[in-house]
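What follows is a short report on a single structure.
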Amino acid sequence: MYRYDGFDAKFVAERAAQFRRQVTRRLAGELTEDQFRPLRLMNGLYLQLHAYMLRVNVPYGTLSSKQMRTFAHVARTYDKGFGHFTTRQNIQYNWIKLEQAPDIIKELANAEITSIQSSGNCVRNITSDQYAGCAKDELSDPRIYCELLRQYSFLHPEFSYLPRKFKIAVTGSPNDRAAVAVHDIGLRMHRNEQDEIGFEVLVGGGLGRTPYIGQTIRNWLAPEDLLSYVEAILRVYNMQGRRDNIHKARIKIIVNQMGIDKYRELVDKEWEFTKNGALKVPDDEIERIRAYFAPPAYERLQDLTAELAVARKADRAFDRWLRGNVIEHKVPGYAIVNVSLKAPGRVPGDITADKMDAVADIADKYSFGEIRVSHRQNLVLVDVKQSDLQQLWRELFALELATPNLGLLSDIICCPGLDYCALANARAIPIAQDISHAFSDLDELQRIGHFTINISGCMNACGHHHVGHIGILGVDKRGEEYFQLTLGGSSDQQASLGDRLGPGLPQAEVPGAIRKIVDTFLKRREHEERFIDTYRRVGIEPFKEAVYGSESQAA
Amino acid sequence: MALIKDGKLVTDPFVDASGPEALPPTGPVLVTYDQWQAERAALLARGTPLGIRLHSDQPPELIAADLRHFALVALEFPKFRDGRAYSYARLLRERYGFTGELRAVGDVLLEQLFFMLRTGFDAFDVQGADPLGSYRTALGDLSVWYQPTGDGRPTAMQLRRKH
Ligand code: SF4
């Protein structure tokens, strides 16, 4: 993985020192809270309901075991012993003291971790496919370009005060696991007719109160033009994006107001001036970064299909885990192992300091010391020898990290909601816990098949509810918490926004409603269809009727 | 309010004539875009250095063809959160080739000075008890830059490739 060189290390050290000075100035009253807010936000520090929250980047979801131990150390020393992985491949600490924040940031910097631009109206953490570099279906490793963009975006002098936050995601695989279509810029790698790798560029996707699927602004962009083209998009946005209304300030609004063709025209006009300038990425720089992502020292092995089949026969639980959480690797004899942070009744994405340390040890033992974070709030060990799988499974099982529910109904995305978040309307976590309790029978989960439930505590949509097969949105109805359901959302290469099912439901009725939706699906399902396919075939009506009764159709 | 220009505290030679007061009969003046449009001939006839002040919704494209008439362009930050002028500054320097004084006015905070310097500003209307001290502190904060802008500071990438 990428390692800081002298420049990177100096940069984060200077930035940490600068932040310490800013905090000192704030504590001494030299900065007002209003002046301090954007400074702390650009270092990932939020003021939440009960305390400060620190959001720390995991760039494109890649972590070393050493960095994971640093996360554990921070959780133990400065927080209440746990952290929360988010849909943006970040980790959040919920109980931070302002006075201690500079120390934390310094400790993180020593481990080559930052919270720079994890918040604020700037380019946020660049996200990507959690299986990058190892997936069988990948064209090329997206992390090289993520790293280029990470450096390019850090403290960009022109774009640190954009109209609103700006999210970029990159996928190197046709099977989009990075939800690029719901980002301000989505980059989808593919080959052109000359067999060269480049990017399809999407712009203007995003969730929040006005969700949009991104539109293609450019079919093919050469890697050497990546930065100049992104700069052109950002410059047009910085000058044209709305500044008068925070709810209309994201790029998606301006793109959809003027139309993608007009936006493209402005970007192209801008790009004419800059495309052959200093932002052209030299091949040697791409190669320099690529070298950091060179494959680890894989052994020459063969797939252990037969041996594993025997082990699976002998142990049903191992079989289930293997089928559910383990994915094919591009290298024979290896496997990608998903570590579920979604045990029944647990808070999705939460992990204790002790378990972080344990995962770090396991990664050292079985996966070249590397850990990935997925936007679905799970962890991944990407380079596991197939011959180690059974032993690894035992160790994960003992840690309650082997729930075999990847991609199944209880693999729920959930934002912190009203338990922590100052913007929330409703508590999202208890809903996730209720549902994962109600659907904890593993045979049943497997029968239901691929299913995503995404929960947000308010329309800011940090829990990506619009793109869950079932989306659940917390709303406030005259001071009471209600939950609005949507069906049919998806964030993959066939991204779609969910349709509203009907009036909001009180918390107690949500698990029952999910049950009715699932039952209806199982009745209507043809062959081994996924829920989303059935939904696209039969439409929303049968589900509406199941949840609200037939009179709702008359109404 | 103090004016820092090229790293020094200076007295502002320009009289701000953008308010309701009448233009002073002689000497350098700073006018708005509207004034420039309405009184172009009279302003040019003064034969003294001219400055123009642009609001954050007035892109420099508006004055691109007239730039040779201006010794000073002042770009306004109505709120420090409004970052349009960073782009305007780069366009003025890097695209339109403006070489006169580029001044940041309005809500100009210490923490933003380096961004402003890098995008091409060389003068700052700043507040506070010790503006020059604050300015120097802000300058010393960071020494590594990842983005090429018109200011010519080498980026990390460029320095790496030299080795
Ligand atoms: S969706 Fe709303 S409640 Fe949930 S984390 Fe985001 S802002 Fe907070």
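Throughout, a chain's letter reflects where its sequence line sits, starting with A, and its residues are numbered from 1. Owing to the predicted nature of the structure, the values given are computational and were not obtained by experimental measurement.
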- Message: Which residue in the set B/Tyr86, B/Phe124, B/Phe115 passes ring-ring contact (aromatic ring centres under 6.0 Å, His included) when paired with B/Phe77?
- Response: B/Tyr86
- Please assess A/Asp284 against B/Arg161 for the test salt bridge (Lys or Arg N to Asp or Glu O under 4.0 Å), listing each intermediate value before the final yes or no. CA-CA 8 Å; A/Asp284 54 42; B/Arg161 298 186 73 230; 2.6 Å; yes
- Message: Quick check on A/Asp283: does its CG atom have over 12 non-hydrogen neighbours (other residues, nucleotides or ligands) under 6.0 Å away?
- Response: no
- Item | Main-chain N/O of A/Arg37 paired to A/Arg26 side chain as donor or acceptor, under 3.5 Å | no
- B/Leu117 portion near chain A, given a 4.5 angstrom heavy-atom threshold: neither
- The interface call for B/Ser87 against chain A, heavy-atom contacts under 4.5 Å, is both
- Item | Greatest number of heavy atom pairs closer than 4.5 Å to chain B - which of A/Gln240, A/Glu270, A/Gln35 | A/Glu270
- Assert top hit (heavy-atom pairs under 4.5 Å, partner chain B, pool A/Met239, A/Gln18, A/Arg243, A/Lys10) equals A/Arg243
- Item | cation_pi(A/Arg40, A/Tyr46) dist<6.0 Å, angle<=45 | no
Residue selection (most heavy-atom pairs with chain A, distance under 4.5 Å) from [options]:
options: B/Met116, B/Gln112, B/Arg95, B/Met157; answer: B/Arg95
options: B/Asp107, B/Leu110, B/Thr155; answer: B/Leu110
options: B/Pro148, B/Gly140, B/Ser143; answer: B/Ser143

- Item | Atom group of A/Leu155 that falls short of 4.5 Å from chain B, counting heavy atoms | both
